[in-house]
Amino acid sequence: PLVRRLRGLRRTRRVPGVAPMKPYYEDSAVTIYHGDCRDVLPGLTADVMLTDPPWLASDSSVEVRGTGVAPKKQRSMSLVYGEVGKFEPDLVALAMTRVSHDCLILTGYKELGTVCNLGKVRGVFGWYKPNGAPARFYPTPFNLSFIVWHGKRSHLYGHQHWRSAVFTHPFPAAGCFASERYVDKTGAAVHPSQGPEALYRELLLPFPTEATILDPFMGSGTTLRAAKDLGRKAIGIEIEERYCEIAALRMSQSVMDMSG
């Protein structure tokens, strides 16, 4: 696996008295930990959290309502539950305790109520995906997700930072149309839910440049890549080593010039 360790650079903020885990990857802006949130989070603190934890997804058959020749029972084509972890609200709540200010949590409609009830909800935003996947059994395309805003304190109050409560960004395409999406030799996505860097940059832009950003469900590292491009420090935690390796590769690339 790809591991980078640079000496003499600013280190991750750690809690006194708690033995830190050795980073999987570390550079001047980003620290990645390969491990379980339960083991890593107690030794860390951060200013802001931006994360997309695993969602609830169907792993059962659904009933087809129609009069055609298709079988009345068909397997759902949505992401299989547990493919990228399971929805565990207690872990999201644990991560929130390690953050001093704003927490932005991406979620679907099934998890929305639970995530809103994890603490003092400050607001809910929408993410509209113009290229949202058509649904076989749902009455609309899957083109809307939610961003729940929590936080003990906030860097956002007092100013209107965004033009709308709905953010419009396409979902990164795989296959022959892939640009920022990481794919294998066949064109298949190496992570099934890699988010768009443009959305994550837009969400992180209002926060102070000295803020440390936490993503405890890092996946392929989009939060960290966006933070690094914006000149912020970031910490990522991921339980799957294959995704840690992808994230480390993304962090080793040149920083995008955001000045223009």
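We number each residue from 1, following the sequence as shown.
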| field | side chain to side chain donor-acceptor pair (under 3.5 Å) between Ser100 and Lys152, worked out | value | CA-CA 6 Å; Ser100 63; Lys152 304 170 189 175; over 6 Å; no

| Taking atom types as modelled and ignoring hydrogens, do the side chains of Thr222 and Arg250 form a donor-acceptor contact shorter than 3.5 angstrom? | yes

Transitive ILVMFWY side-chain link [X] to [Y], under 4.5 Å:
X: Ile239; Y: Leu41; answer: no
X: Phe167; Y: Leu106; answer: yes
X: Phe217; Y: Val40; answer: yes
X: Leu50; Y: Phe171; answer: yes

| query | From Leu112 CG over to Ile105 CD1, what is the distance, rounded to the nearest 0.5 angstrom? | reply | 11.0 Å

| query | What's the spacing between Glu241 CD and Ile246 CD1 if we round to 0.5 Å? | reply | 11.5 Å

State which residues pass side chain to side chain donor-acceptor pair (under 3.5 Å) with [X]; sequence neighbours excluded, sorted by chain then number.
X: Thr97; value: none
X: Asp39; value: none
X: Trp127; value: none
X: Asn143; value: none

| note | For Tyr128, the hydrophobic cluster (side chain heavy atoms closer than 4.5 Å, chained through members) also holds Val166

| request: Apply ring pair (Phe, Tyr, Trp, His ring centres under 6.0 Å) to Phe146 and list each qualifying residue two or more places apart in sequence or on a separate chain. | output: none

| request: Kindly write out the residues that satisfy ring pair (Phe, Tyr, Trp, His ring centres under 6.0 Å) with His169, not counting sequence neighbours, or none if the list is empty. | output: none

| said: Quick check: do Tyr25 and Thr31 have side-chain heavy atoms less than 4.5 Å from each other? | reply: no

| With sequence neighbours excluded, residues passing side chain to side chain contact (heavy atoms under 4.5 Å, CB included) with Val99 | Met49, Cys103, Leu214

| task | With sequence neighbours left out, write down each residue that passes side chain to side chain contact (heavy atoms under 4.5 Å, CB included) with Ala226, or none if nothing qualifies. | result | Tyr200, Arg201, Leu204

| remark: All heavy atoms of Ile235 vs all of Leu224, minimum pair found to be O-CD1, 3.9 Å

| task | Take Asp102 and Arg153, measure what salt bridge (charged side-chain N to carboxylate O under 4.0 Å, His left out) needs, and give me the verdict at the end. | result | CA-CA 6 Å; Asp102 305 272; Arg153 293 181 288 171; over 6 Å; no

| field | With sequence neighbours excluded, residues passing salt bridge (charged side-chain N to carboxylate O under 4.0 Å, His left out) with Arg38 | value | Asp36, Glu88

| task | Hey, could you give me each pair passing ring-ring contact (aromatic ring centres under 6.0 Å, His included) that has a residue in residues 94-121? Not counting sequence neighbours. | result | His101-His155, Tyr109-Tyr138

